[in-house]
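Structure first, then comments.
Along the sequence shown, residues are numbered consecutively beginning with 1.
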Amino acid sequence: MAEWWRDAVIYQIYPRSFQDDNGDGIGDLRGIARRLDHVAALGVDAIWLSPIFTSPMKDMGYDVSDYTDIDPLFGTLADFDALVARAHELGLKVIIDQVISHTSDKHPWFAQSRQDRSNPKADWYVWADPNPDGTPPNNWPSVFGGPAWEWEPRRRQYYLHNFLIEQPDLNFHHRPVQDALLETMRFWLDRGVDGFRLDTVNYYFHDEKLRDNPPNPDHDGPETYGFQRHVYSKNRPDNIAFLKRLRALTDEYEARMMVGEVGDGGQTAIDIMAEYTLGRDRLHMCYSFEMLSPEFTARHFRHTIEGVQKGAPDGHACWSFSNHDVIRHVSRWAEHGADSDLLARQAIAMLASFPGTICLYQGEELGQTETTLTYEELTDPPALRFWPEVRGRDGCRTPMVWEDDQPNAGFTTGTPWLPVKSEQAARAVSRQQQDNDSVLAAYRAVLAFRRSQPALRWGQTRFLDLPEPVLGFQRQHQDRDLTCLFNLSPRATSLELKHAERLLGPSHATLDGQALTLPANGFAWIEGTSVRVAAKE
């Protein structure tokens, strides 16, 4: 199917933490290949690999020094080819991360660019003269703290880095940069990958006039980045033309796709998701951090989905609740759950019912919780810099747990790069594999139910006007109607239904005539044409 991605379930693998095969404490490609049977058994359609390219690892691979080779930590190109072959044998597509807004400062392109102002790569990065007093050219901050500008004495200029100092930003206004990046992506397409996840896709272009960003009066967090509205350092309209070049490249190949990560929040993120997926000549789909936030209300989920649908009625979105950058959702939303297992089961039921593509993060199928780490155990740059107000991303990146009776829960025979703690090991695959009441069993059951329901995969969506904490919507496909209801609360609630025929699938609810009871974090799929739902008086 050429557009397999439209109803796909994508499983994100964080390679450092999935499975170590050689005992060095860091996950690798051979380890991933060895554990792919587990992924396939979930009933997913594709895997997404976080960066595996050559890198100094200042930002765990998101600082690339060679776009067309595998970092020795993870293996070789031969190991990658074997992984792709094994995934395809199991019916899994392979998506790889592309971090092209910036490179490592160890990339040969930057090593040449920083030498002087007249070399062949002089314009490949964003360089700017200092102000008369020697200060940076504008007020743009780095996401990781401090100014987004670093002085290079050889050129007597500053270079832009939206993230770490060791991650200089490429100059997308310079056409040869675009051409070179497209060729590196062609390298992987020719190698058989099925798609790309585009990191920080809204950061590619900057304002050529280098105008100051205006202040953001709504910011009240501990990080300095939020004090500005980033209208000039990212989200530039120039981006659309390059997205079209990316789409033209993937369209040269059969059944390929791209999903862009929009590094923004609020209405801005929703608008960008809509803009970047509008029509059929931009990205295939986008996702933002809107559903990766602490907010857990019916209004929030409805507003996010409807915003994208209204902004790009012919566009497409990808939804996820967890990834490698945020607190795991069963911990992030803990106050809204009667217990973490109930919350985990409800989360997959809700995600599987949303219109569009969905993405799972390794370990969430186990109901995995955030790992509590000490400062001495941290590796993440923002946490190391702003601890304890910023806890960083290490807590969601700790290793996958496989066998609870093995050292490090079966992840490695060596010393793991991040610790495997007892609370996480208690959720090992081996403990849940044969338990029909486990979170793992719930994930398998819900994903199997989704595959069996065309309305959930391709149906139109109409939200129901119901009071908090109930989220309700109907999915309609041809002559098949499903009403989806979710109690986003640790307390039971009741609803009145008309024209309901029966509960379907692994619903966590009871239907007695026209009365539906949703237990704590309960959910229901209801069959019936023209079903009417109201709060029980």
Side-chain angles (χ1 to χ4, degrees), residues 1 3-13 35-48 87-93 95 318-322 329-330 341-368 400 427-459 461 471 473-486 501-511 518-519 521-528:
M1 181 179 175
E3 294 192 332
W4 58 268
W5 45 271
R6 283 196 175 273
D7 65 324
V9 180
I10 301 170
Y11 184 93
Q12 181 192 356
I13 292 175
R35 297 292 191 179
L36 278 185
D37 285 344
H38 165 78
V39 179
L42 285 174
V44 306
D45 303 288
I47 58 171
W48 149 31
H88 287 169
E89 284 176 9
L90 293 170
L92 298 170
K93 306 286 188 183
I95 300 163
C318 179
W319 308 113
S320 60
F321 290 160
S322 281
H329 63 262
V330 293
D341 282 4
L342 284 177
L343 191 58
R345 292 187 186 97
Q346 181 182 62
I348 185 56
M350 185 161 58
L351 193 61
S353 302
F354 286 168
T357 303
I358 65 173
C359 190
L360 313 179
Y361 178 50
Q362 65 180 48
E364 74 171 77
E365 75 273 21
L366 308 176
Q368 194 57 274
M400 186 75 173
R427 294 183 171 274
V429 173
S430 62
R431 283 199 179 185
Q432 301 192 35
Q433 187 78 15
Q434 305 303 325
D435 181 359
N436 291 332
D437 292 325
S438 67
V439 174
L440 178 58
Y443 265 69
R444 289 172 174 169
V446 168
L447 294 180
F449 178 72
R450 185 178 187 268
R451 285 196 306 276
S452 72
Q453 300 295 321
L456 291 185
R457 296 167 67 186
W458 308 303
T461 306
L471 173 67
F473 52 89
Q474 293 175 329
R475 303 295 308 278
Q476 300 168 327
H477 179 71
Q478 296 177 353
D479 60 348
R480 185 77 164 175
D481 290 0
L482 279 183
T483 300
C484 310
L485 297 168
F486 304 90
E501 296 176 10
R502 57 175 177 153
L503 293 176
L504 292 179
S507 291
H508 281 212
T510 55
L511 181 61
L518 290 169
N521 302 115
F523 53 90
W525 293 288
I526 302 162
E527 188 175 44

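Residues V446 and I348 come closest through the heavy atom pair CG1-O, 3.7 Å. Considering all non-hydrogen atoms of both residues, V439 and A344 come closest at CG1-CB, 3.9 Å. The minimum heavy-atom distance linking A509 with L518 is given by the pair CB-CD2, 3.7 Å. The two residues L92 and H88 come nearest to each other via the heavy atoms O-CD2, 3.2 Å. Residues A524 and L503 come closest through the heavy atom pair CB-CD2, 3.9 Å.
Rounding to the nearest 0.5 Å places CG of L447 at 9.0 Å from CG of L351. For the atom pair I47 CD1 and I13 CD1, the distance stands at 4.5 Å (nearest 0.5 Å). Between K93 atom NZ and W4 atom CH2 the span is 6.5 Å, to the nearest 0.5 Å. For the atom pair CZ of R6 and OG1 of T357, the computed distance is 8.0 Å after rounding to the nearest 0.5 Å. Atom-to-atom distance recorded for L440:CG and Q433:CD is 6.0 Å, nearest 0.5 angstrom. Between the CD atom in E527 and the CZ atom in R502 there is a gap of 4.5 Å [rounded to 0.5 Å].
Contact check for F523 versus M350: no side-chain heavy atoms found under the 4.5 Å cut-off. L366 has its side chain within reach of M400: a pair of non-hydrogen atoms, C-beta onward, lies under 4.5 Å apart. Looking at heavy atoms from C-beta onward, H508 lies out of side-chain contact with Q346 at the 4.5 angstrom threshold.
Judged as a side chain to side chain contact (heavy atoms under 4.5 Å, CB included), and not counting sequence neighbours, the contacts of D37 are R86, L90. By the ring-ring contact (aromatic ring centres under 6.0 Å, His included) test, Y443 pairs with no residue at all, sequence neighbours left out. Taking the ring-ring contact (aromatic ring centres under 6.0 Å, His included) definition, one finds that H477 meets it with W458, sequence neighbours left out. Remark: S430 engages D404 in a side chain to side chain donor-acceptor pair (under 3.5 Å) (not counting sequence neighbours).
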**Q.** From CA spacing to verdict: side-chain contact (heavy atoms from CB on, under 4.5 Å), I526, S507
**A.** CA-CA 9 Å; I526 302 162; S507 291; over 6 Å; no
- For side-chain contact (heavy atoms from CB on, under 4.5 Å), just list the numbers for L485 and L471, CA-CA rounded to whole Å, side-chain angles, deciding distance to a tenth of an Å, and then say yes or no. CA-CA 6 Å; L485 297 168; L471 173 67; over 6 Å; no
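When each of H329, Q362, E364 is checked for a side-chain hydrogen bond (donor to acceptor under 3.5 Å, both in side chains) with S322, only H329 meets the rule. Tested against D481 for a side-chain contact (heavy atoms from CB on, under 4.5 Å), the candidates Q474, R475, Q476 yield a single pass: Q476.
Ion pairing between D437 and R345 fails under the 4.0 Å rule for side-chain N and carboxylate O.
Put simply, the side chain of W319 gets close to the backbone of P355: a donor and an acceptor are under 3.5 Å apart.
Applying the side chain to side chain donor-acceptor pair (under 3.5 Å) rule to pairs touching residues 446-455 yields Q453-R480, sequence neighbours excluded.
Between F449 and W525, the angle of the ring planes lies from 30° to 60°, which puts this pair in the tilted group. Taking the six-membered ring where tryptophan is involved, the planes of F473 and F354 are tilted, since the angle between them lies from 30° to 60°.
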Show the atom names and distances, to 0.1 Å, of all donor-acceptor pairs under 3.5 Å that link a side chain in residues 38-45 to residues at least two apart or in another chain.
{"residue": "H38", "atom": "NE2", "partner": "E365", "partner atom": "OE2", "Å": "2.8"}
{"residue": "D45", "atom": "OD2", "partner": "V9", "partner atom": "N", "Å": "2.8"}

